[in-house]
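Protein chains get the first letters and strands the later ones, always in sequence-line order, with residue 1 at the start of each.
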Protein chains: 2
Amino acid sequence: MSTEFRCSCPITSAIDMIGDKWSLVVIKNMLLYNLKTFKDLSETNEKIATNILASRLKALEAKGFITKTKPANNKKTNIYLLTDKGLSLIPIIIELAIWGDTNLNEIHTSLNRDNPIEYIKLNKEKFVGVFKDQYLEKVKAAAV
Amino acid sequence: MSTEFRCSCPITSAIDMIGDKWSLVVIKNMLLYNLKTFKDLSETNEKIATNILASRLKALEAKGFITKTKPANNKKTNIYLLTDKGLSLIPIIIELAIWGDTNLNEIHTSLNRDNPIEYIKLNKEKFVGVFKDQYLEKVKAAAV
DNA sequence: TTTATTGCTTTTATATTGCAAGTAAAATTA
DNA sequence: TAATTTTACTTGCAATATAAAAGCAATAAA
C-alpha cells in the first residue's frame, strides 16, 4: 500500500499522505486519549472496522508515523506509539479541532467537549508543545 | 450526498466534512491560484476527473463553502467563489502546506515552491488574514 | 450555419471500505 | 492439563466511491 502522489504540490501531497478517512482519526485517538493497543483503538466512538484498523496501522507504521513494539512481559499485545513524525501532525489536528468546534455546533446536537478547545484557541502555538509533551510524558510514565 | 458523522468528536467531524480526497484540493486551487470556472478547476496538476469535480462542487455548494453564479455578460460559464465558511478553512490548508513542505522533500524529487511557504511559517496567524484578503481582493478586482 | 467550448451526465471499470466470520497464538480459568 | 477467552489480526463478499471515457445540451464564436 504505497502512497501515490497526484502532483508535486505540498498541500495535495500532504492530503495524499494522511488525508484518508481514518489515519488522522487513529492518530488523534493515540494522542488525545493515549490509546496504545489494537483493542483500545478498535473500541473508540468512531467504530472503525478491525480490517481497516489493521491496514491503517500497517500503513502508518510503514510511513513512519507510529511504531509497533511487543513489550517483554506480554508477548500478545502490541503497543503502538507515535513517533516524532506522528507528533508533527499535531498542528493539523489542532486546526481541525478548532474548525470543527467553531463550525459544527449547529449541525451536531452535541459536540464532545472533553478537550478544552476554547482554551486551546487562545494560544495555539503553545498547545502544539503542550500536547506533544503531554503525550511523551504519558508514554514515559507507562514505561516505568 | 449528505455528510454522515461518525461521532460527536469535532476533529472526526471536521474530517467527515472536508476530509475526502478532493474537497480541500479544490478549495486550495480556488484560494491560491484564484481559479473560478469548471474548466480552470478541471485543468489543475491534480488531474481531477470531470464527474468527480462536478459532484465535489455540488457538495461544496450544498455545505456552504462555495457559491455558484452566472455572470450577467456570460450565460455559459459558471463562476465558483469561496464563501466566508470556505475561507475559514485557510488555517487548515496552511498547516497542511507547512507539514507537506517540511516532511515531503525527501519523498518528492521536486516540490512545487510557487508559494513562499518558508515565509508563511514565520508568521502563520498573519498569513491566514493575508490569504483571505488576497482572495477577496482578487475577487473584487475581477468583478469590476 | 457550422464549429468549438463549457459544464456537465452517463456508462463502464476499478479501487476502497464495511461487515461478518474465521484463525492462530497467548493468556486465563476450571 | 484442558477448555475457554482475549488479542490481533486475515479472509471473503457486498456495498460504496472513484476513475476514465464517451456523450450531450446549451451557449458562443467564426
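At least one side-chain heavy atom of Leu24(A) sits less than 4.5 Å from a side-chain heavy atom of Leu96(A). Asn78(A) has its side chain out of reach of Thr69(A): every pair of non-hydrogen atoms, C-beta onward, lies at least 4.5 Å apart. With contacts defined as side-chain heavy-atom distances shorter than 4.5 Å, the pair Val26(B)/Glu46(B) does not qualify. Between Thr67(B) and Glu61(B) there is no side-chain heavy-atom pair separated by less than 4.5 Å.
The interatomic distance linking Ile52(B) (CD1) with dT14(C) (P) rounds to 16 Å, in whole Å. One interatomic measurement links the two molecules: CD1 of Ile48(B) to P of dC8(C), which rounds to 13 Å at whole-angstrom precision. With rounding to whole Å, Asp20(B) atom CG is found 15 Å from dA19(D) atom C1'. One atom, NZ of Lys21(A), and another, C1' of dT16(C), lie 10 Å apart when rounded to the nearest Å. Spacing between atom CG of Leu41(A) and atom P of dT7(D) amounts to 13 Å, rounded to whole angstrom units. Following rounding to the nearest Å, Asn51(A) (CG) and dA21(C) (C1') show an atom-to-atom distance of 11 Å. Taking atom CD1 on Ile66(B) and atom C1' on dG7(C), their separation rounds to 14 Å, with Å as the unit. One can place NZ of Lys39(A) at 13 Å from P of dT28(C), the figure rounded to the nearest angstrom.
Using a 4.0 Å heavy-atom cutoff across all strands shown, Lys47(B) reaches no nucleic acid atom at all. Using a 4.0 Å heavy-atom criterion, one finds that Lys58(A) contacts the sugar-phosphate atoms exclusively. Counting non-hydrogen atoms under 4.0 angstrom, Lys68(A) reaches the backbone sugars and phosphates but no base.
No side-chain donor-acceptor contact under 3.5 Å links Ser13(A) and Asp16(A). In summary, the side chains of Thr77(A) and Lys70(A) do not present any donor paired with an acceptor at a separation below 3.5 Å, with no hydrogens or angles considered.
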I'd like a list of close polar pairs between nucleotides 26-30 of chain D and the protein, N/O only, cut-off under 3.5 Å.
| residue | atom | partner | partner atom | Å |
| --- | --- | --- | --- | --- |
| dA28(D) | OP1 | Lys75(B) | N | 2.5 |
| dA28(D) | OP1 | Lys76(B) | N | 3.4 |

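End-to-end axis angle for the helix from dT1(C)-dA30(D) to dA30(C)-dT1(D), using five pairs per end and rounding to 10°, comes out at 10°.
Along DNA chain D, the nucleotide nearest to Arg6(A) and the one nearest to Glu43(A) differ in position, and the one closer to the 5' end is contacted by Glu43(A).
For the pair Trp22(A) and dG18(C), the criterion of a side-chain N or O lying under 4.0 Å from OP1 or OP2 is met.
Asp40(A) meets the side-chain hydrogen bond (donor to acceptor under 3.5 Å, both in side chains) test with Thr37(A); sequence neighbours excluded.
Distance from the side chain of Thr50(A) is smallest to dT10(D) among dG7(C), dA8(D), dT10(D).
Remark: the backbone N or O of Arg6(A) is not paired with any side-chain donor or acceptor of Lys47(B) at under 3.5 angstrom.
By the 6.0 Å and 45° rule, Lys85(B) stacks over the aromatic ring of Phe65(B).
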